[in-house]
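Written out below as structure tokens is the structure these notes cover.
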Amino acid sequence: MSPRLWANFYIATDAVIANRLRSLLTALGIIFGVAAVIAMLAIGNGAQQEIIDQMKLVGVNNIVVKPIIEQTEQKISEKVGQKEKKKFSPGLTIRDVHSIISVLPKLKEVSPEIILDTYIIRHGFRRSAKLVGIELSYFNIYSFSLATGKWFNPAQLINGGTVCIIGAGIKSRFFPTEDPIGKSIKVGSQWLTIIGVLTDRTISQSSISKLGIRDFNMDVYAPLQTVLVRYRNRELITAETLRIAAQRNQGNGGNSNSSVGNNTEQERKNYHQIDRLVIQVDQTDRLANTAEIISRMLKRRHYDVVDYEIEIPELLLKQQQRTNDIFNYVLGAIAGISLLVGGIGIMNIMLASVLERIKEIGLRLAIGAKKSDVVQQFLFEAVMISVSGGIIGVALGVAFAFLVSSVAGIPTIISFASIILSFGVAATVGLIFGIAPARRAAQQDPIASLRYE
């Protein structure tokens, strides 16, 4: 930087320091604008990361089929107390899974699940847990990895071996200081040998509530055939299943109270062989068509009884992501308007400053200063005010992002790019809106300026 430029910079700095309060008030628009940009991008990045994490939890390109209470549709009976004949449905079964695979052979993965509420006992310590009967495709869909041990082998999957893989939470509670591989734990009424421990999967409470996801770390995973043979197979006809079927076929009573009671009783009875079916396709654009085919197939196999629901979590999450993007655009527009107002404020104050300092400008021009020197002086002042406001705004934005994360529980991610972007915009605003006042100051007539009162 040349000595002349340094001198202009020094004069501009001295003018800004001499009018500290006015400079701070001038920079308020820039301060709040930059703070809004930092906080907005931090909240937006946090929301995007949360959606990406949720997509990893529910899997990519998945279709989820879940059993539900039968959806009925009928005309109100004219005769009070008339019973409606109910249709039979076998529920969601392994045969449905085989049928889907045979009709849609190009599916990437198909994972049936049986989820049982049970308990774990070891060394006199008991804890409630969930036993999940699965195939190996389950671990592929949800991108699980082993911290130690090995996966189920084909013989264990086919024959229903008494083995299991546990989550990281089970390991930390029942085997805090020892290796669990090869040891046995009592899961419900059966003893299972541990052959693997899954890597810890951190799940936020919001993901658990929004997506209906269990805490994977506290689950015990066994082969699907093991659960069907050694624990519970709801498809087998027993005295209990006959009693439940009789209750389901009683029909609706003649008053609302009996109807409500019947629905409550039905909700407690689960006649589906499997509790969840996840189908993974290779391309997102095939999700809707595949889900439609599966829906028609299940409707036919269940004899027009709609006792299942089909969800596409990725599409729901992408809709949520689009909503977040729109929200970010709105916040960005608000922050942009704030920066624009801040720039206009800088220009107005600098124009007023020119009128106040006409005699000073005339004196500088009279003793040999060039018009370019006057332009540089006022440009330096405008840029210093905006840059100072940008620095304060960055600090406020970072503080606000941390405050939102700690108080509201909203995840925020502050990126270096957002800081550079907001700081660069602040400097650019000062430069652009400082040009007009600087040119007006340079165009002053030295003689008229010296006579100005």
Side-chain angles (χ1 to χ4, degrees), residues 51-75 84-115 132-143 207 209-214 224 234-235 248 263 266-267 270-326:
I51 291 174
I52 291 173
D53 293 340
Q54 289 176 350
M55 284 186 176
K56 291 179 180 178
L57 291 176
V58 301
V60 182
N61 295 342
N62 285 354
I63 299 170
V64 180
V65 183
K66 296 187 294 185
I68 59 172
I69 301 302
E70 177 187 349
Q71 304 297 300
T72 60
E73 180 179 340
Q74 67 182 62
K75 292 182 179 180
E84 180 200 1
K85 185 178 180 181
K86 286 184 173 293
K87 296 181 179 179
F88 168 78
S89 169
L92 200 60
T93 66
I94 299 296
R95 291 192 301 275
D96 291 328
V97 178
H98 296 159
S99 178
I100 290 172
I101 294 175
S102 63
V103 174
L104 299 169
K106 293 185 178 180
L107 296 175
K108 189 174 181 181
E109 298 282 359
V110 178
S111 172
E113 304 170 26
I114 298 176
I115 306 168
V132 187
I134 54 169
E135 302 283 354
L136 277 180
S137 55
Y138 176 89
F139 299 116
N140 297 330
I141 288 176
Y142 294 108
S143 301
S207 297
S209 60
K210 290 178 183 177
L211 302 177
I213 297 174
R214 304 182 311 278
L224 187 71
R234 303 187 190 101
E235 194 183 33
R248 288 179 55 224
N263 289 337
Q266 187 180 11
E267 288 177 3
N270 183 4
Y271 57 91
H272 300 272
Q273 186 183 28
I274 60 177
D275 297 302
R276 183 180 170 97
L277 175 60
V278 181
I279 299 131
Q280 188 176 72
V281 300
D282 54 354
Q283 296 179 11
T284 304
D285 55 4
R286 296 183 181 178
L287 281 170
N289 292 336
T290 304
E292 177 66 21
I293 295 173
I294 293 172
S295 177
R296 293 180 180 179
M297 183 187 309
L298 291 178
K299 185 176 181 180
R300 175 178 55 82
R301 291 183 58 84
H302 292 210
Y303 305 104
D304 293 332
V305 176
V306 184
D307 55 355
Y308 56 87
E309 64 178 358
I310 298 176
E311 295 179 351
I312 305 178
E314 184 176 5
L315 297 184
L316 297 176
L317 289 172
K318 285 186 176 180
Q319 181 62 37
Q320 180 183 352
Q321 185 175 15
R322 177 173 174 78
T323 303
N324 287 337
D325 289 340
I326 294 174

- To the nearest 0.5 Å, what is the distance between CD1 (Ile63) and CD1 (Ile293)? 9.0 Å
- Can you label the angle between the His302 ring and the Tyr308 ring as parallel, tilted or perpendicular, going by 30° and 60°? perpendicular
- Message: As an exercise, state the distance from CD1 of Ile141 to CG of Leu136, rounded to the nearest 0.5 Å.
- Response: 11.5 Å
- Does the side chain of Asn62 pick up a donor-acceptor pair with the side chain of Gln280 at under 3.5 Å? yes
- Item | Exercise: identify the closest heavy-atom pair between Val278 and Glu113 | CG2-OE2, 3.6 Å
- Query: Without hydrogens or angle criteria, can the side chains of Tyr271 and Asp307 be said to hold a donor-acceptor pair below 3.5 Å?
  - Reply: yes
- For Lys108 against Asp282, the heavy-atom pair lying closest together: CB-N, 4.3 Å
- Task: Compare all side-chain heavy atoms of Ser111 with those of Phe139 and state whether any distance is below 4.5 angstrom.
- Result: no
- Note on the structure: On a heavy-atom basis, the closest approach of Ile274 and Thr93 is CD1-O, 3.9 Å
- Query: Any idea which heavy atoms bring Ala291 and Ile312 closest together, and the distance?
  - Reply: CB-CD1, 4.0 Å
- Closest non-hydrogen atom pair, Val305 against Phe88: CG2-O, 3.9 Å
- Validation row: Leu107, Thr290 side chains within 4.5 angstrom (heavy atoms): yes
- Among Ile294, Ile100, Asp96, Val97, find the one that has a side chain to side chain contact (heavy atoms under 4.5 Å, CB included) with Val65. Ile294
- Which atoms form the tightest heavy-atom contact between Arg95 and Arg301, and what is the distance? CB-NH2, 3.4 Å
- State, with a plain yes or no, whether a side-chain heavy atom of Glu135 is found less than 4.5 Å away from one of Pro112. yes
- Indicate yes or no for a side-chain donor-acceptor contact from Ser137 to the backbone of Val110 under 3.5 Å, with no hydrogens or angles considered. yes
- If you measure from CD1 on Ile114 to CG on Leu224, what distance do you get to the nearest 0.5 Å? 4.5 Å
- Message: side-chain contact (heavy atoms from CB on, under 4.5 Å), that's the test. Do Val132 and Arg276 meet it? Break it down for me.
- Response: CA-CA 10 Å; Val132 187; Arg276 183 180 170 97; over 6 Å; no
- From Gln273 atom CD to Leu92 atom CG, the distance as rounded to the nearest 0.5 Å: 9.0 Å
